[in-house]
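What follows is one structure encoded as structure tokens, with my remarks underneath.
Each chain gets a letter, A, B and so on, in the order its sequence line appears, and its residues count up from 1.
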Number of protein chains: 2
Amino acid sequence: MKSILENINKIFENRVRLALMSILMVNDEAEFNALKQMLDLTDGNLAAHIATLERNHYVSVRKEYKGRKPSTTYSATPEGKRAFTEHLNALEKIINNIH
Amino acid sequence: MKSILENINKIFENRVRLALMSILMVNDEAEFNALKQMLDLTDGNLAAHIATLERNHYVSVRKEYKGRKPSTTYSATPEGKRAFTEHLNALEKIINNIH
DNA sequence: ACAAAGTACTTTGCGGTACAAAGTTAATAA
DNA sequence: TTATTAACTTTGTACCGCAAAGTACTTTGT
């Protein structure tokens, strides 16, 4: 009966990464500074959480110049989308179990 | 726009405590050993997580003798149920935002 | 030419968390 | 009396989250 925890993804237990992924599910891409402002994070903190998502291949990065300014854009990978969906399904089960 | 994280309860970010609360929402009470087996935890680990929930007044404890054996039974407090429901609502919002 | 500011990090350091394993207390059973 | 069970508490280790400071590179302002 530890099925309650099955499919709950450790990576997404953290609220910041949960938020990042949910933003990147709805928006195809998002820039570093936009995410930073949306979630009110220090840049170091944001960079660290993104790095965790990258390490797990849940997020991909694109670096470019927008005008004359460097810009880093993040996207959820197909693998990231799959993993996150599975996580949400696990949460949904818990919710349905109770409501 | 950090509303994504609003109402996400830090206490329930942890998978074990999430599971404990979801069990105690569905079952009025649960015994120490039952929870331990359900979630496949060491007793120290279970005790620690329950202690966290107790400290926050989300769970109450009842100690008694069942036959001749001591038995500790846990329940979600009204406050705990309220807090957990709010947390699930926050998760539900995230899910609905995406589906 | 030089200083200041912006972008996107990385590093540092601290306090907190998660966990297993071992130790503890108190009662019951053999 | 020794062992067992229940429910913890303590200990020790490893990891995590975060702010703040430092870094590298570029652009903008004077």
Side-chain angles (χ1 to χ4, degrees), chain A residues 2 4-6 8-24 27 29-56 58-75 87, chain B residues 2 4-6 8-24 27 29-56 58-76 83 87:
Chain A
K2 88 168 186 186
I4 295 167
L5 295 181
E6 246 171 353
I8 293 284
N9 190 325
K10 279 224 157 205
I11 303 296
F12 303 135
E13 268 188 87
N14 177 275
R15 60 199 332 202
V16 173
R17 291 193 295 270
L18 186 79
L20 286 172
M21 283 306 292
S22 84
I23 291 170
L24 293 177
N27 307 280
E29 315 186 316
E31 286 179 31
F32 187 90
N33 273 322
L35 292 171
K36 189 182 140 187
Q37 281 163 36
M38 279 191 248
L39 300 175
D40 192 27
L41 302 171
T42 57
D43 41 6
N45 196 8
L46 173 56
H49 283 298
I50 289 276
T52 296
L53 293 173
E54 268 191 82
R55 249 198 321 283
N56 286 274
Y58 290 167
V59 157
S60 64
V61 187
R62 208 183 70 240
K63 284 161 192 284
E64 62 181 332
Y65 273 81
K66 279 239 162 106
R68 303 231 156 134
K69 289 183 180 179
S71 159
T72 305
T73 305
Y74 303 99
S75 309
H87 181 73
Chain B
K2 88 170 185 182
I4 295 168
L5 294 182
E6 245 170 353
I8 292 284
N9 190 325
K10 279 223 157 204
I11 304 294
F12 303 135
E13 267 188 88
N14 177 276
R15 60 199 329 197
V16 174
R17 291 193 295 271
L18 186 80
L20 286 172
M21 283 305 292
S22 84
I23 290 170
L24 293 176
N27 308 280
E29 315 186 314
E31 287 179 30
F32 187 90
N33 273 321
L35 292 171
K36 189 182 140 185
Q37 281 163 36
M38 278 190 250
L39 300 175
D40 192 26
L41 302 171
T42 58
D43 40 6
N45 195 8
L46 172 56
H49 284 297
I50 290 275
T52 297
L53 293 172
E54 268 190 81
R55 250 199 320 282
N56 286 273
Y58 290 167
V59 157
S60 64
V61 187
R62 207 182 71 238
K63 283 160 194 285
E64 64 181 333
Y65 274 80
K66 279 237 162 108
R68 304 231 156 135
K69 288 184 180 176
S71 158
T72 305
T73 306
Y74 303 99
S75 309
H87 181 74

Atom pair distance, as rounded to whole Å: [atom1] in [X] and [atom2] in [N]:
X       : N      : atom1 : atom2 : value
B:Arg55 : C:dG16 : CZ    : P     : 12 Å
B:Leu35 : D:dC8  : CG    : P     : 11 Å
B:Leu53 : D:dC8  : CG    : P     : 13 Å
B:Glu64 : D:dA7  : CD    : C1'   : 14 Å
B:Leu46 : D:dA7  : CG    : C1'   : 9 Å
B:Ile11 : C:dG16 : CD1   : C1'   : 12 Å
B:Gln37 : D:dA7  : CD    : P     : 11 Å
A:Lys36 : D:dC18 : NZ    : C1'   : 15 Å

Under 4.0 Å from OP1 or OP2 of [N]: is there any side-chain N or O of [X] that close?
X       : N      : value
A:Asn33 : C:dG6  : no
A:Tyr74 : C:dC9  : yes
B:His49 : C:dT17 : no

Among [options], find the nucleotide with the atom closest to the side chain of [X].
X       : options               : value
A:Arg68 : D:dT27, D:dC8, C:dT10 : D:dT27
B:Pro70 : C:dC9, D:dA6, D:dC8   : D:dA6
B:Thr72 : D:dC18, D:dA7, C:dC9  : D:dA7
B:Thr42 : C:dA20, C:dG6, C:dC9  : C:dA20
B:Asp43 : C:dA27, D:dC8, D:dT5  : D:dC8

Worksheet item: Considering heavy-atom distances to DNA chain D, does A:Arg17 or B:Asn45 have its closest nucleotide positioned more toward the 5' end?
Response: B:Asn45
Discussion item. Can you work out whether A:Asn14 or A:Lys69 has the more 5'-proximal nearest nucleotide on DNA chain D?
Written reply: A:Asn14
Item to complete: Between A:Lys10 and A:Lys63, just flag the one whose closest nucleotide in DNA chain C comes earlier from the 5' side.
Response: A:Lys63
Worksheet item: Does the side chain of A:Leu46 reach to within under 4.5 Å of the side chain of A:Tyr74, using non-hydrogen atoms?
Response: no
Item to complete: Begin from the C-alpha positions of A:Phe12 and A:Leu53 and carry the test side-chain contact (heavy atoms from CB on, under 4.5 Å) through to its verdict.
Response: CA-CA 9 Å; A:Phe12 303 135; A:Leu53 293 173; 4.1 Å; yes
Looking only at heavy atoms, which two atoms of [X] and [Y] are closest? And how far apart?
X       : Y       : value
A:Ile8  : B:Arg15 : O-NH2, 2.7 Å
B:Lys10 : B:Arg17 : O-NH2, 4.2 Å
B:Leu39 : B:Ala19 : CD2-CB, 3.7 Å

Discussion item. Taking pairing as Watson-Crick or G-U wobble with both contacts under 3.5 Å, can you name the mate of D:dT30, or confirm there isn't one?
Written reply: C:dA1
